[in-house]
Amino acid sequence: MVLNRMQYDTKGFYDELVDENGTPRPHGKQLLDYLNGLSFDEISSARSAAELAIKQMGITFTVYGEGSSIDRAWPFDIIPRIIPKKEWLQVEDGLIQRTEALNHFIHDLYHDQKIIKDGIFPRELLEKSVNFRKQCVGITPKNNIWAHICGSDLVRNDDGTIYVLEDNLRVPSGVSYMLENRSVIKRVFPEVFENIDILPVNDYPSQLFDMLAAMSPRPQDKPEVVVLTPGIFNSAYFEHCYLAQEMGCELVEGRDLVVNDDDCVYMKTINGLTRVDVIYRRIDDMFMDPEVFHKDSQLGVPGIMRAWRAGNVALVNAPGAGVADDKVVYTYVPEMIKYYLGEEMKLPNVETYRCYEPSQLDYVIKNIDKLVVKPANESGGYGLLIGPKSTKKQQQETIAQVKADPRNWIAQPTLSLSTVPTLIDDKIEGRHVDLRPFILSSGTSTYVTTGGLTRVAMVKGSLVVNSSQGGGSKDTWIVEEEA
Amino acid sequence: MLSRVAETLYWTARYVERAENLARLINVNNLLMMDLPRGVSPGWAPLIDIIGHRESFTQYYSDYSEKNVLKYLTVDSRNPSSIVNALKLARDNTRTVREVVPRPVWETINNLYQTAKEKPNDFLSKRDRFASLTHVIEGIQLFFGALESTLNHDAGYVFIRSGSLLERADMTSRIIDVRSAVLGSLTNDSPYENLQWMSVLRSLSAYQMYRQQMGVKVTPQDVLEFMLHNPYFPRSVLFCLNQMRSLLITIPNSPTMLERIDHSITELNKVQSSDLQGAALHKYIDELQIDLADIHNQFAEQYFLV
């Protein structure tokens with residue numbers, strides 16, 4: 001009787017597994033019944049088993065500036081987060097619609113800029129965009145797809161609605177942890193899988209490979225697909241390895257590649273040079289090609305942009321796709337969907353204030369203690385201010401930053417993120433979660449992961465789920481609800 | 001196969017092989033020490049000589065006590081070839097090529113390193129030493145076993161096996177060199193000489209195979225013959241070179257590489273074990289070591305990332 005004994009209290013938040021009266025939701029009942037049937041010792045040993053599995057399997061992530069120990073064991077909570085399949089299908093629909101519109105938008109910005117000419121998207125926003133790459137203007141990637149891989153962050157507010165919080169279109173990470181979380185939970189709670197129909201997640205690597213292969217500029221039976229990593233010191237190195245391994249393709253570093261006079265990309269092998277068709281690059285735009293971007297980048301490949309422009313290699317995601325990975329651009333997604341697809345948005349945005357609009361800036365400054373204020377182009381939870389949890393001094397500092405560069409700031413109401421029961425020391429308590437599904441687009445088909453990576457803020461009351469800031473994760477189950 | 005990956009696999013195998021050889025060397029010496037009376041015992045210094053670290057060792061330690069040598073060889077982070085360091089390098093290397101290595105192989109080396117790192121004192125304590133070194137040896141055999149049975153036997157496999165064979169030949173030649181020098185200086189018919197030559201064989205896991213091949217009596221000349229020239233024993237220098245040859249023949253652009261190896265094999269076959277005594281042995285081992293270094297350089301020049 002784990003939950004009852006510990007008197008699980010949802011504390012007025014929307015809980016994913018338990019309703020406001022403490023009764024299990026229909027989709028959570030079987031799991032909670034199972035957990036309640038375990039003694040606390042059994043739960044504890046399940047936790048130890050998970051920790052051991054994670055260590056043995058070498059599931060790690062990197063935190064910068066930790067001296068010699070560069071990789072740390074992945075923080076994981078053994079109680080899964082469950083979403084009923086019926087609800088998930090709606091979310092999936094919304095995500096597909098959204099990435100489709102975003103790809104139209106990016107392509108438009110690098111070509112005719114119709115959305116600007118038609119007065120929907122302000123030109124000055126584009127002019128001050130950090131991630132717009134003028135080097136990409138006029139380029140047409142295969143099937144007009146720029147953001148092949150998108151990781152959108154979803155949250156559920158206390159009204160029970162799932163909202164999109166942001167779209168990550170540069171080099172979103174986390175999908176390997178989604179896959180590994182499932183393999184850990186299979187080791188830890190094998191019995192559960194007998195009685196609950198949990199949809200599998202392990203289709204992702206082959207879906208990813210198919211999408212990448214479909215981007216090949218050469219019509220070939222087996223295109224040469226590689227994963228380009230900045231190297232072992234990158235925080236997502238584990239994932240780069242993992243995906244290359246699962247797809248059975250080479251994991252390359254910049255120094256393994258060379259662009260020849262024929263504007264084709266080759267990798268240096270023991271047989272000499274081998275032509276590369278598709279590069280799943282996990283390096284930021286600015287470091288990709290010292291000929292075009294940061295001149296002193298050691299990570300990139302000189303000439304790779306030349307090869308891409310010549311249509312001799314596919315880069316995934318396309319350089320410049322990050323222009324839509326901007327929290328101000330995010331506020332225009334509803335308009336984009338209407339403009340490009342002629343549809344209403346299926347998955348809502350969180351209400352967002354654009355600081356570059358004077359009236360909204362005014363509101364933000366007056367209500368800063370109630371809002372979450374974020375820089376438009378940061379990731380990993382860096383630079384944001386959570387109004388209700390901040391000091392006056394911090395608020396003043398943020399206001400000064402916002403005033404100095406209003407274009408690059410937005411604010412949102414502080415959401416009451418939903419909670420999931422989480423094992424904390426020897427108690428089970430609610431902790432706030434979000435969800436990052438991944439969407440693959442090839443232009444001919446779109447694939448959404450079954451669920452995604454659930455991140456959990458392990459610190460009591462905290463809303464910050466980023467692993468770089470002490471967040472953990474949970475396995476995410478999409479289940480058929482019992483009739 | 002990427003040049004960088006080939007290089008990493010090769011080095012990983014060398015580190016892993018090194019850790020295994022070292023663990024066995026220590027274990028055998030440990031057992032020998034218990035058999036020999038004080039005064040006869042060569043002590044622990046030869047182990048430092050075998051890995052060629054006299055200079056570095058004396059920088060940090062004032063004497064060759066069991067405690068100092070053990071620490072230096074197993075857990076000392078200042079010794080790049082200590083067991084824990086070799087495992088760490090092997091593990092970190094494997095981590096950079098996880099995408100080409102079968103999962104169980106990565107998990108084995110990761111585990112082995114984590115355990116060794118977490119319990120450094122087990123190597124030092126007299127009681128736990130044997131078990132923890134044996135654990136290292138077994139873990140490494142699991143590592144190579146898993147590679148043998150789960151990795152495609154293509155170029156990557158060739159680089160792993162070559163790294164391991166080259167390291168092994170190197171270690172065998174070093175052990176012969178140092179041990180012969182010490183044992184050769186003993187007065188004839190020292191009652192413990194036999195015991196010590198047996199332990200030389202044991203430190204190469206060669207004792208049982210030697211007996212099967214060469215008969216019951218352990219003579220210095222036969223030991224030498226067995227360790228250098230036996231075509232069937234997997235740690236003899238000739239065996240390692242022959243194996244490397246038959247592996248490398250399968251990968252592209254190997255003629256120059258094969259010429260190098262053929263040269264070493266010819267030289268090795270030219271020498272008679274009976275002629276290798278005292279200074280002559282030492283001189284030949286020096287030449288052999290240069291040959292092995294040349295083979296390594298040929299790898300680097302031809303296949304590795306420049």
Among A:R255, A:M267, A:E246, A:H240, which residue forms the greatest number of heavy-atom pairs with chain B at distances under 4.5 Å?
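Greatest number of close heavy-atom pairs with chain B: A:R255.
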Within a reach of under 6.0 Å around CD of B:E55, are more than 12 heavy atoms found that belong to other residues, nucleotides or ligands?
no
Give, as side chain, backbone, both or neither, the part of A:V252 having an atom under 4.5 angstrom from any heavy atom of chain B.
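Both parts, heavy atoms under 4.5 Å.
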Does a donor on one side chain and an acceptor on the other come within less than 3.5 Å for B:H296 and B:Y10?
yes
Which atoms of B:F304 come close to chain A, meaning under 4.5 Å heavy atom to heavy atom: side chain ones, backbone ones, both, or neither?
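Neither the backbone nor the side chain of B:F304 comes within 4.5 Å of chain A.
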Are side-chain heavy atoms of A:M305 and A:F293 found at a separation under 4.5 Å?
yes
Can you measure from CE (A:M178) to CG (A:D475) and round to the nearest 0.5 angstrom?
9.5 Å
Max heavy-atom pair count under 4.5 Å with chain A, selected residue of B:P102, B:P104, B:A6, B:P252:
B:P252
